[in-house]
Amino acid sequence: MSQHKTINLDDEIYRYLLSHSVHESEILNELREETSRQSLSRMQIAPDQGQLLSMLVRLCNARKAIEIGVFTGYSSICIAQALPEDGALIACDISEEWTTIASKYWQRAGLSNRIDLQIAPALQTLKKLLDMGEQSSFDFAFIDADKENYLAYYEACLQLVRKGGLICIDNVLWSGKVLETEDQDDETRAIQELNEHLFSDDRIDLVMLPVADGISLAMKK
Ligand code: SAM
Ligand code: CA
């Protein structure tokens with residue numbers, strides 16, 4: 001087993017990985033810098049993960065995407081910049097404060113026209129899209145908001161993406177807390193439930209990547 005196990009990334013080797021793969025744009029770099037002054041800066045995705053999102057969006061030739069959990073906009077820039085000129089990203093969040101920062105950077109990156117920000121509980125926005133008949137019309141989804149709703153977000157996204165569309169779910173290893181078997185908090189339990197649900201879901205092909213805090217890729221069959 002050990003010879004096939006993913007390499008353990010200590011700080012030095014992670015620095016090597018970053019310095020040999022990540023080309024972070026000046027705008028994303030400034031956004032990371034500005035976000036680092038926020039108390040909840042750790043919520044932002046990692047730069048290597050951002051690049052992975054951009055590549056995944058391109059790989060599935062996505063034109064229409066949805067993001068659940070915008071925060072200060074790092075992942076939305078990574079997704080939107082990989083869409084074609086006439087592409088669209090529906091960006092869901094409940095925070096005016098954080099998404100004001102996001103909007104500023106979307107503007108600077110010339111991506112505002114591709115991003116449709118929906119300030120409302122994401123379940124409401126997803127339901128609205130389904131009520132509007134948007135089933136199977138999206139190519140890509142990224143789920144990175146309140147963990148208690150992960151399963152509901154996944155089920156709604158599965159209806160919204162087309163066959164061959166990709167749903168990416170962040171924090172599926174939850175700093176290792178997924179191993180806990182007793183007295184788990186609500187977030188941990190929600191992630192454990194989603195992981196079990198994904199594993200037994202024959203409507204998708206599944207990959208769990210040990211990137212950052214763990215990211216699962218679910219491709220709709
Ligand atoms: N993807 C972001 C990035 O790259 O910086 C990080 C997202 S952060 C982990 C989670 C976000 O989910 C927060 O901005 C929070 O306001 C938002 N959120 C929490 N509950 C929500 C809900 N019910 N509906 C929509 N967004 C929600
Ligand atoms: Ca996250």
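In this chain, numbering begins with 1 at the start of the sequence shown.
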Seminar exercise, completed: From the list R162, K163, R58, salt bridge (charged side-chain N to carboxylate O under 4.0 Å, His left out) with D139 holds only for R162
Exercise. Is a salt bridge present between D202 and K221, judged by a nitrogen-to-oxygen distance below 4.0 Å?
Worked result: no
Exercise. Can you tell me if S54 uses its side chain to pair, donor with acceptor, with the backbone of C78 under 3.5 Å?
Worked result: yes
For this session: Decide yes or no on side chain to side chain donor-acceptor pair (under 3.5 Å) for N195 and E193, but give the supporting numbers first.
Result: CA-CA 5 Å; N195 286 339; E193 276 169 17; over 6 Å; no
Exercise. What's the spacing between L151 CG and I143 CD1 if we round to 0.5 Å?
Worked result: 9.5 Å
Problem set entry | Backbone N/O of S21 and side chain of Q51: donor-acceptor pair under 3.5 Å | yes
Exercise. Are D131 and K127 close enough for a salt bridge, meaning some N to O gap below 4.0 Å?
Worked result: yes
For this session: For the pair K64 and E134, find out whether any cationic side-chain nitrogen is under 4.0 Å from an anionic carboxylate oxygen.
Result: yes
Exercise. If you draw the axis of the six-membered ring of Y74, does the NZ or CZ of R32 fall within 45° of it and under 6.0 Å from the ring centre?
Worked result: yes
For this session: Step through the shown structure and confirm whether more than 12 heavy atoms of other residues, nucleotides or ligands are within 6.0 Å of CD on E180.
Result: yes
For this session: May I ask you to decide whether E26 forms a salt bridge with R108, counting only side-chain N to carboxylate O separations under 4.0 Å?
Result: no
Exercise. Taking D146 for the side chain and E148 for the main chain, is one N or O donor matched with an acceptor at less than 3.5 Å?
Worked result: no
